[in-house]
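Notes follow once the structure below has been shown.
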Amino acid sequence: MVTIKVAINGFGTIGKRVADAIDAQKDMEIVGVTKTGPSFGCGLAVKKGFPLYCTFDDNEKISSFANSDYDCKGGLTDLLSIADVVIDCAPGKMGADNLQKYKSAGIKYMFQGGEKHSLTGLSYTSSANHSENFNAQGTRVVSCNTTGLSRTLVPLFDYCGSLKVECTMIRRAADPGDSDKGPINAIQPVLKVPSHHGPDVMTVKPEIEINSLAVAVPTTLMHVHSIIADLPEGHGLTTEKIIQMWKDTPRVIVMNGKDDRIPTTAEVMEMARDIGRKWGDLHEIFVWEDGVKLVNNRLYYFQAIHQESDVIPENVDCVRALMGTEKDWKLSVAKTDLAISEYYGI
Ligand SMILES: NC(=O)c1ccc[n+]([C@@H]2O[C@H](COP(=O)([O-])OP(=O)(O)OC[C@H]3O[C@@H](n4cnc5c(N)ncnc54)[C@H](OP(=O)(O)O)[C@@H]3O)[C@@H](O)[C@H]2O)c1
C-alpha cells in the first residue's frame with residue numbers, strides 16, 4: 001500500500017486535530033507540522049513525534065526556534081518538498097498567500113472553511129461531493145456549520161430529489177481556547193443577511209435551495225442549528241422515517257433529549273467526554289430526536305455541531321479524494337472512522 005505523505009500548515013485548533021486523525025490512518029503519514037515560532041503548542045507536536053517546521057522560510061523566524069527546546073527541521077518550503085499534499089490549517093483569510101506557496105511547490109492542497117470557495121473554485125464534504133473532488137489539485141473543506149448542514153440535509157435531498165431550507169445558526173461566541181473573541185454577555189445578530197452559512201452548502205450541493213440567519217451567543221461549547229426544510233409533494237416520508245434515515249447516516253448521532261436526559265449542548269459535550277475522544281471532541285452531528293417533526297411537507301429540527309471537530313474526519317476523506325485512492329465516499333468514511341476509533345481505543 002502506498003502511504004500518502006501529509007503536511008499540516010498551521011498546528012492550532014484544527015491543525016492539531018487533523019494531524020491526529022491523519023496519524024491514525026494506515027494509508028497516510030504526517031511528514032511535518034508548522035508553527036510560527038516556539039510556543040506551548042510545539043510540545044504537543046514533539047510528544048506525538050511529528051517533525052516540526054517553521055511556518056515561514058526566512059532564517060530569522062526559523063532561528064527563533066534555536067533558543068527553545070524545540071528542534072525545527074526547516075521552513076515551509078522544506079516541508080512542502082517532502083509531502084504529497086498539504087492541509088492548510090492557518091487562520092482564515094491567509095489562503096491567498098499560502099496558495100501561491102503550494103502552487104510553487106507543485107503540491108496538492110486543502111484549505112479550511114475560513115477561506116472562501118472562490119479561492120479554490122472547489123469545496124468538499126464527504127457525503128455531498130467526494131467524487132467531484134477525485135484527483136483534483138486543490139480544494140476547501142467547508143466550515144463546521146456547512147459540514148453540519150450537509151450531514152443531515154444531503155441524505156434528505158438524495159431521498160426527496162428537492163429541498164428548500166431556511167435555518168438559523170446559533171453560534172458559539174469563541175472556541176474554549178480563545179481569549180480574544182466575544183460576546184460574553186450579549187446576543188449578537190450577524191447583520192449580513194442572509195448569512196454565508198446556508199448558501200455555502202450550495203458550494204458542495206448546489207441543488208439544495210438554502211438560506212440562513214446567524215446569531216452569536218455567549219457559549220464556547222457548540223453551535224446549534226434551528227432548521228426548517230420544505231420537502232416536495234409526494235415525498236413519502238414520516239417523522240419516524242426521517243429519524244431512522246439519520247440514525248443510518250454516518251457521522252450523525254440521534255438521541256432523545258427527554259428520555260436520554262441530554263437536553264442541552266452541555267450534556268452533549270459531557271457525553272462526548274464520556275466516550276473518550278481526545279479533547280472531548282464529537283465528530284458526529286447531534287440531532288435531538290424529540291425535536292424532529294414533520295408537519296405535512298414541512299420538517300422542523302434542531303442539531304448541535306461541535307465546531308472544533310466535525311470537520312476533522314472530512315479532512316481525512318478529502319485527502320483520499322484528492323490523491324485518487326478511494327472513490328467511494330462511504331468506504332472512505334468507514335475506513336477513517338474505524339482507524340480513529342482504534343487509535344483512541346474506543
Ligand atoms: N476553530 C473552529 O471552530 C473551526 C472550525 C472549522 C473550521 N475552522 C477553520 O480552520 C482554519 C483554522 O482555524 P483554527 O481555529 O484552527 O485557528 P487557530 O486555532 O488560530 O490556529 C491557526 C494556526 O495557524 C498558524 N498560523 C498563523 N499564521 C499562519 C500562516 N501564515 N500560515 C500557516 N499557519 C499559520 C498559527 O500558528 P501559531 O500557533 O504557531 O502562531 C495557529 O497554530 C480556519 O480557516 C478556520 O476558519 C475553524
Side-chain angles (χ1 to χ4, degrees), residues 7-21 32-46 50 52-58 61-62 64-65 68 70 72 75-77 79-80 83 86-102 105 107 109-117 119-120 123-125 139-151 169 171-181 196-197 200 214 216 219-223 265 269 279-283 285 304-315 318:
I8 308 283
N9 191 22
F11 194 65
T13 308
I14 297 297
K16 67 186 177 187
R17 288 171 164 84
V18 171
D20 251 32
V33 304
T34 70
K35 289 296 278 179
T36 55
S39 67
F40 77 93
C42 300
L44 180 62
V46 171
F50 300 147
L52 186 62
Y53 288 79
C54 181
T55 311
F56 310 101
D57 281 328
D58 59 283
K61 293 217 164 96
I62 294 173
S64 70
F65 287 86
S68 75
Y70 310 116
C72 176
L76 179 64
T77 303
L79 173 58
L80 298 181
V86 57
I87 306 183
D88 185 291
C89 299
K93 320 275 182 290
M94 292 192 168
D97 278 356
N98 285 348
L99 178 59
Q100 289 317 314
K101 297 174 189 169
Y102 307 152
I107 191 173
Y109 50 86
M110 290 161 46
F111 288 91
Q112 305 300 316
E115 304 299 336
K116 290 206 166 98
H117 176 76
L119 180 72
T120 51
S123 293
Y124 180 89
T125 69
T139 193
R140 172 189 74 127
V141 174
V142 293
S143 73
C144 50
N145 280 306
T146 308
T147 298
L149 289 168
S150 300
R151 288 259 181 92
M169 320 275 98
R171 292 175 44 217
R172 61 89 178 97
D175 287 339
D178 279 349
S179 58
D180 59 351
K181 288 188 187 151
H196 70 274
H197 308 89
D200 206 30
T219 178
T220 62
L221 297 177
M222 300 184 92
H223 304 302
T265 54
M269 281 288 91
W279 296 290
D281 284 353
L282 190 67
H283 294 168
I285 303 311
I305 313 298
H306 186 230
Q307 75 278 351
E308 296 162 285
S309 74
D310 68 332
V311 299
I312 303 308
E314 311 284 306
N315 272 273
C318 187

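Counting convention: from 1, in listed order, for ligands and their atoms alike. By convention here, the first residue in the shown sequence is residue 1. Only heavy atoms go into these numbers, but all of them, side chains included; no hydrogens, no water, no symmetry mates.
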Closest contact, heavy atoms only, Ala19 versus Phe11: CB-CE1, 3.8 Å
Between Arg151 and Glu314, is there a salt bridge with N-O shorter than 4.0 Å? yes
Aromatic Phe56 / basic Lys61 pairing, under 6.0 angstrom, 45° off normal: yes
List, pair by pair, the atoms of ligand 1 and of the protein that are both N or O and lie under 3.5 Å apart, giving the separation rounded to 0.1 Å.
from, atom 1, to, atom 2, distance (Å)
ligand 1, 1 (N), Asp175, OD2, 2.5
ligand 1, 3 (O), Arg172, NH2, 3.2
ligand 1, 3 (O), Asp175, OD1, 3.2
ligand 1, 3 (O), Asp175, OD2, 3.3
ligand 1, 3 (O), Gln307, O, 3.3
ligand 1, 16 (O), Thr13, N, 3.3
ligand 1, 16 (O), Ile14, N, 2.8
ligand 1, 19 (O), Thr13, N, 3.0
ligand 1, 19 (O), Thr13, OG1, 2.8
ligand 1, 32 (N), Asn98, ND2, 3.3
ligand 1, 39 (O), Lys35, NZ, 2.8
ligand 1, 40 (O), Thr36, N, 2.8
ligand 1, 40 (O), Thr36, OG1, 2.9
ligand 1, 41 (O), Thr36, OG1, 2.7
ligand 1, 43 (O), Gly12, N, 3.2
ligand 1, 45 (O), Gly114, N, 3.1
ligand 1, 47 (O), Gly114, N, 3.2

Enumerate the residue pairs fulfilling side chain to side chain donor-acceptor pair (under 3.5 Å) with a member in residues 9-19, sequence neighbours excluded, ordered by first and then second residue. Asn9-Thr34, Asn9-Tyr102, Arg17-Asp281
Salt bridge (charged side-chain N to carboxylate O under 4.0 Å, His left out) between Arg140 and Asp200, worked out: CA-CA 11 Å; Arg140 172 189 74 127; Asp200 206 30; 2.8 Å; yes
Is it true that a side-chain atom of Asp178 and a backbone atom of Asp180 form a donor plus acceptor pair closer than 3.5 Å? no
